[in-house]
Engineer: 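Take a look at the following structure, please.
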2 protein chains.
Amino acid sequence: MEKLTTSFFYNLEKTVKIYRQFFQNQFKINGFDITLDQWLILNTVAEYPDCTQNDIAEKVFKDKASVTRIIELLVQNGFLLRDIHPTNRRMFQLTITEKGLETIEKLTELVPQIRQKALEGIEPASVSAAQEMLAMIVQNCIPTSS
Amino acid sequence: MEKLTTSFFYNLEKTVKIYRQFFQNQFKINGFDITLDQWLILNTVAEYPDCTQNDIAEKVFKDKASVTRIIELLVQNGFLLRDIHPTNRRMFQLTITEKGLETIEKLTELVPQIRQKALEGIEPASVSAAQEMLAMIVQNCIPTSS
DNA sequence: AATCAATAGTTGATATATCAATTGTTGGTA
DNA sequence: TACCAACAATTGATATATCAACTATTGATT
């Protein structure tokens, strides 16, 4: 068997981890007290304000239980409000606070810079090629390839 | 800003997650009661029997605290023995049990098949190209690029 | 030999992932 | 209307990630 350290998936995981650390560190350096995953959820709420939590979970590719807990923290930390939904009591009405909006706004500036730094020196064509490849892997791995 | 779902790193994370689920599920289907991460550590102990846990952590790109806990579970589940090291009492002497050896042996057959399924229909050249790209990202993101 | 920095590992706290079981709600249907 | 399947979300249990603080040991230096 191929050595672990040369296997493609090992490198994939390694890259994701280093990138996450880099990303999180850039948040910290720039004075943002929010985790990458919390930002991801907050941002998704902003993009799709009327989504159910389950929809959000699907969009960000997280478990719904994770989303519940991340939203809990976003509420605790003052980025989000969670109220009973006016028409469907199974759902919650999520509202982004002032602090949340400011954070999103500022991070909308910062995040592309972080991404760009991470991809520095890499041809856009390589990125596209890699994207296609990742999509293919997902196809191969998805359980019910519906 | 680019939509989240089209960002390269979003797809990177998504792929890793789906691949991990696929991998773990293949373990389950084939009757292995071990997690992907536990297998990773077990395998690394097999490859480098005299490593410190810190070395292992570095090799598999995990935190040393994570390694401590994963090894704990490997011991609990009968894959590993942990004894006092004969010459250096700071370290532990890790020994793979019979069950551990059998598991490694069988998984050494299975794992390449899983990897291959995941990469089905993808040119080896694309894989290499992607590997290079990942290495470049790592370079860009590593804090002290020593 | 006494001291001390470096090393190996653990532990605690918090965040997230995953699966399964559970609660409460809604909407359709017998 | 009473029932029930589907839906939305939570909760519990366990595994892992990450950071920081901590213990014990070793090796080098004085």
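Every chain is numbered from 1 and lettered A, B, ... according to where its sequence line falls, protein lines coming before strand lines.
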Engineer: Can you tell me if A:Lys62 touches the phosphate of C:dT16, counting only side-chain N or O atoms and a distance under 4.0 Å to OP1 or OP2?
Structural biologist: no
Engineer: Atom NZ of A:Lys14 to atom P of D:dT18: distance rounded to whole Å?
Structural biologist: 14 Å
Engineer: Go through the structure and list residues passing ring-ring contact (aromatic ring centres under 6.0 Å, His included) with B:Phe92, not counting sequence neighbours.
Structural biologist: none
Engineer: Answer with base, sugar-phosphate or nothing: what part of the nucleic acid does A:Gln38 contact at a heavy-atom distance below 4.0 Å?
Structural biologist: sugar-phosphate
Engineer: What pairs with B:Ala135 under side-chain contact (heavy atoms from CB on, under 4.5 Å), at least two apart in sequence or on another chain?
Structural biologist: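 Here no residue qualifies.
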Engineer: B:Arg89 has an atom CZ; how far is it from atom C1' of C:dT10, in whole Å?
Structural biologist: 17 Å
Engineer: Measure from CD1 on B:Ile71 to C1' on D:dA15 and round the result to the nearest Å.
Structural biologist: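 Distance, rounded to whole Å: 15 Å.
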Engineer: In whole angstrom, what separates A:Leu40's CG from C:dA17's C1'?
Structural biologist: 14 Å
Engineer: Using a heavy-atom cut-off of 4.0 Å across all strands, would you classify B:Thr35 as base, sugar-phosphate, or nothing?
Structural biologist: sugar-phosphate
Engineer: How long is the line joining CG of A:Asp37 and C1' of D:dA17, in whole Å?
Structural biologist: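 Rounding to the nearest Å, CG of A:Asp37 and C1' of D:dA17 are 11 Å apart.
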Engineer: Are more than 12 heavy atoms from other residues, nucleotides or ligands located less than 6.0 Å from atom NZ of A:Lys99?
Structural biologist: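 Enclosed.
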Engineer: Should A:Trp39 and A:Leu107 be marked as a side-chain contact (heavy atoms from CB on, under 4.5 Å) after you check the CA-CA gap, both sets of side-chain angles, and the distance that decides it?
Structural biologist: CA-CA 9 Å; A:Trp39 168 75; A:Leu107 282 178; 3.3 Å; yes
Engineer: CD of B:Glu58 versus C1' of C:dG9: gap in Å, rounded?
Structural biologist: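 Roughly 15 Å, once rounded to whole Å.
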Engineer: Ignoring hydrogens and angles, write down the donor-acceptor pairs under 3.5 Å from the side chains of residues 74-87 of chain A, residues two or more places apart or on other chains.
Structural biologist:
unit_1	atom_1	unit_2	atom_2	d
A:Asn77	ND2	A:Leu73	O	3.2
A:His85	ND1	A:Thr87	N	3.2
A:His85	ND1	A:Thr87	OG1	3.4
A:His85	ND1	A:Asn88	N	3.2

Engineer: Whole angstrom is fine here: how far is it from CG in B:Leu74 over to P in D:dA15?
Structural biologist: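 Value for this atom pair: 11 Å.
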Engineer: Let me have the donor-acceptor pairs involving side chains of residues 23-33 of chain B, under 3.5 Å, with sequence neighbours excluded, atom names and distances please.
Structural biologist:
unit_1	atom_1	unit_2	atom_2	d
B:Gln24	OE1	B:Leu36	N	2.9
B:Gln24	NE2	B:Ile34	O	3.0
B:Asn30	ND2	B:Gln26	O	2.7

Engineer: In chain order, what residues pass the side-chain contact (heavy atoms from CB on, under 4.5 Å) check against A:Glu98, with sequence neighbours excluded?
Structural biologist: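 Per chain and number, A:Glu98 pairs via side-chain contact (heavy atoms from CB on, under 4.5 Å) with A:Leu101, A:Glu102.
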Engineer: Could you run down nucleotides 3-12 of chain D 5' to 3' and tag each one B, S or - for protein heavy-atom contact under 4.0 Å?
Structural biologist: ---BBBBBBB
Engineer: Would you say C:dT18 has OP1 or OP2 under 4.0 Å from some side-chain N or O of B:Gln24?
Structural biologist: no
Engineer: Could you tell me the separation between the CD1 atom of B:Ile41 and the P atom of C:dG9, rounded to a whole number of Å?
Structural biologist: 12 Å
